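Everything quoted here is computed from the prediction, not taken from an experiment. Reminder, nothing fancy here: chain letters follow the sequence lines and each chain counts from 1.
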Number of protein chains: 2
Amino acid sequence: MAVRLKDVAEMAGVSVKTVSNVINGYPHVSATTRARVEAAVEALGYRPNLQARSLRTGRSGVIALGVPRLDEVYFAEVAAHVIDAAGALGLTVLVEQTDGERERELEVLSGIRPGMVDGVILSPLGLSRTDVDETTRGVPVVLLGERVSGSAVDHLRIDNVEAARQLTRSLLTSGRRRVAVVGVPTGSHASAARLRLDGYQRAHGDLDVAWDDELWMSVAGYRRADGAEAVHRLVGTGKPFDAIFCFNDLLALGALAVLRRHSVRVPEDVAVAGFDDIDECSYSVPTLTSVSPDKGELALRAVHTLQARMDGAGDVPDPEVPFAVVQRESTASSR
Amino acid sequence: MAVRLKDVAEMAGVSVKTVSNVINGYPHVSATTRARVEAAVEALGYRPNLQARSLRTGRSGVIALGVPRLDEVYFAEVAAHVIDAAGALGLTVLVEQTDGERERELEVLSGIRPGMVDGVILSPLGLSRTDVDETTRGVPVVLLGERVSGSAVDHLRIDNVEAARQLTRSLLTSGRRRVAVVGVPTGSHASAARLRLDGYQRAHGDLDVAWDDELWMSVAGYRRADGAEAVHRLVGTGKPFDAIFCFNDLLALGALAVLRRHSVRVPEDVAVAGFDDIDECSYSVPTLTSVSPDKGELALRAVHTLQARMDGAGDVPDPEVPFAVVQRESTASSR
DNA sequence: CTGAAAGCGCTTACAG
DNA sequence: CTGAAAGCGCTTACAG
């Protein structure tokens, strides 16, 4: 059915080896032969079967990317960058959704579609400490986010403690004194949230301000509805607060909606800040202050680290990705 | 390095054929043999090389999805649904970004990674009438969005004319009389926008209201910034308007931001409506009226249609996907 | 500079 | 119920 190397060879009157040489750009082919082969390739519309090539070479040129869900904007933005960066290296990306479930993350980790995938980039949520070391056999893996284990597996992350500390400090120095938190870790696996809470506490320590942990709200997930629900609960406690630090932007956007419904003015009555700096932060009402990880850099390093490991290199890019705290309307000074 | 079928066969003391039979669940294997084989598989941690299987069977279990960009929320939502639907059928999805460029859409169409992909789902923007017919050879293709050519290629869409007509009619019947449009087609390829404009005109005809095409704003893209820019221009004309129909939600969200900056009240002074019903419509300020295509259904039918074509079936699902006009705060009656 | 042959790891008629 | 062998479409030492 499809055109094969053999067909091209027959038409050009050469061996398959020679066609292969031309296709793969080997230098030692006479100009005449090369021209004949290229003409045959053109005439037949030949395209090499990458599956077969890959079986032979042991390289597919495909990597897998595992994220909780693509319709969570942050992950869509990261995925877009990863696909771009991979494409620049001639790699194609297979995207898998895990819903943050351990089972499915393990599935991705152990090289979903064995034999077809050269490497894996995974943004894990449910993985436990030992999972990674036990499952990673064969394909190279790069983890996005906090280190899951003390293992040798590459992981890329921003300094969550420092980011949360800087953001919290800016809230405190602008006069806020009762900073609520939405998204505190509940289970044992929410390592990023734990670190952010740590940063929050350190900022309070830095400025000698006491915090009130009754203002810390847990969430069932990290989407708008969860943020809305948490702030609803927060308001319900009757406790006063003059700022909310949400551990991601969607939570913050959900929070804004509920505050508005309660006629709480942002930032006059309550400052609100998020994390991730998704596109929407620049367009929400009010625009949203957020921690902005350099997603382009994150994706680039993830792909390059993976590539380096696939090449068996020991040298990989710096695992710590830069971030910035972007101040917007939602935390403008109340004075 | 990796464990092969042969290794399992040796350990179990049977032929590779028998191991293959066990793995593929063929019925005629004695219980003893099966148990021995399964034990060996377990002991060695054997996982079949899907690349090799695929080379032999001609089926990879991988499909490609081509979208303009993943960080455009609508496409991320569609992609999330496609991956879910594909997963339910045991298919994995390779995601490619085209930026809406013709060249790259053709690349996807002609079966990016030949031999590794069983079928293609593409949401085209730049493809011309004849492109599709000429390029589609080999792998089955399902197009998302308006029919690009009169070709036999499957395409799934909503009734854009009727959707725009219903939405426009609701604006007119609620008393709006000067309905601006943001996102009118400029080039020759913007078929969906053209149909939406058609629906807009029909609604005016239905109710015998004249439209003013000086209120029709073109855009360079379909993102927030483009909507903001267009409304900026619209305001600049000095022409009065009491509603804006944006041809997607991001344009509408950009529009809201600019109107707010100009202290134009929505919906009191101007009603605003979008298209696609992305998640954010339910959380923006004000919440945004939009045409809501059934994305789950769209993705499901896309995958099932593709599967049917890959199986060589002639029967495919209905290409017309249902939609609903969801009324929210942004178009509440001004009376 | 080019060819004949082996082999990547599977599946599948074909025998027995 | 199980085995020996061919072949999917490539690449790659090995000769010449």
Side-chain angles (χ1 to χ4, degrees), chain A residues 1-38 40-41 44-62 111 113-118 138-139 310, chain B residues 1-41 44-62 90 111 113-118 138-139 310:
Chain A
M1 179 85 196
V3 183
R4 297 152 306 159
L5 204 55
K6 201 181 157 200
D7 303 318
V8 177
E10 276 172 12
M11 183 171 191
V14 297
S15 79
V16 293
K17 170 72 198 300
T18 302
V19 179
S20 179
N21 281 346
V22 171
I23 300 219
N24 293 297
Y26 285 124
H28 306 302
V29 181
S30 73
T32 353
T33 312
R34 180 183 303 281
R36 262 220 318 281
V37 169
E38 278 166 354
V41 165
L44 296 171
Y46 172 70
R47 305 196 64 187
N49 183 317
L50 299 186
Q51 195 99 64
R53 173 183 292 173
S54 152
L55 179 59
R56 189 53 237 249
T57 62
R59 279 284 191 107
S60 68
V62 175
R113 301 265 146 190
M116 313 213 327
V117 157
D118 290 341
V139 319
M310 295 185 317
Chain B
M1 178 89 195
V3 183
R4 297 152 307 160
L5 204 55
K6 201 180 157 199
D7 303 319
V8 178
E10 275 170 13
M11 182 171 192
V14 297
S15 77
V16 292
K17 169 71 199 297
T18 302
V19 179
S20 178
N21 282 345
V22 171
I23 299 217
N24 293 296
Y26 287 123
H28 304 302
V29 181
S30 74
T32 353
T33 311
R34 178 183 305 279
R36 263 220 318 281
V37 169
E38 279 166 354
V41 165
L44 296 171
Y46 171 71
R47 304 196 65 187
N49 182 318
L50 298 187
Q51 195 99 62
R53 172 183 293 175
S54 151
L55 179 59
R56 188 54 236 248
T57 61
R59 280 285 191 107
S60 68
V62 175
R113 301 267 146 190
M116 311 213 329
V117 156
D118 291 341
V139 319
M310 296 185 315

(Q) To check you understand the geometry: which heavy-atom pair defines the closest contact between V62(A) and M116(A), and what is its length? (A) CB-O, 3.5 Å
Q) Shortest non-hydrogen contact from V41(B) to V8(B)? A) CG2-CG1, 3.8 Å
Could you work out, with side-chain hydrogen bond (donor to acceptor under 3.5 Å, both in side chains) as the rule, every residue matching [X], not counting sequence neighbours?
X: R36(B); answer: none
X: S15(B); answer: T18(B)
X: T57(A); answer: none

Q. Does DNA chain D take part in any stems of at least 3 consecutive Watson-Crick or G-U pairs (both distances under 3.5 Å), and if so, which ones?
A. C:1-3 with D:14-16, C:5-12 with D:5-12, C:14-16 with D:1-3
Q.
Please determine whether side chain to side chain contact (heavy atoms under 4.5 Å, CB included) holds for the pair L5(A) and I23(A), giving the CA-CA distance in whole Å, both sets of side-chain angles, and the decisive distance to 0.1 Å.
A. CA-CA 10 Å; L5(A) 204 55; I23(A) 300 219; 4.2 Å; yes
Q: Please name all residues satisfying side chain to side chain contact (heavy atoms under 4.5 Å, CB included) with S54(A), sequence neighbours left out, ordered by chain then number.
A: S60(A), Q51(B)
Q.
Checking side chain to side chain contact (heavy atoms under 4.5 Å, CB included) between V37(B) and each of V29(B), T32(B), V22(B), which is the one that passes?
A. V22(B)
Q. dC1(D) phosphate, OP1 or OP2: any side-chain N/O from T18(B) under 4.0 angstrom?
A. no
Q | S54(B) vs dC8(D): side-chain N/O to OP1/OP2 distance below 4.0 Å | A | no
**Q.** Nucleotide-resolved protein contact map, nucleotides 10-16 of chain D, B/S/- at heavy-atom distance under 4.0 Å
**A.** BBBB---
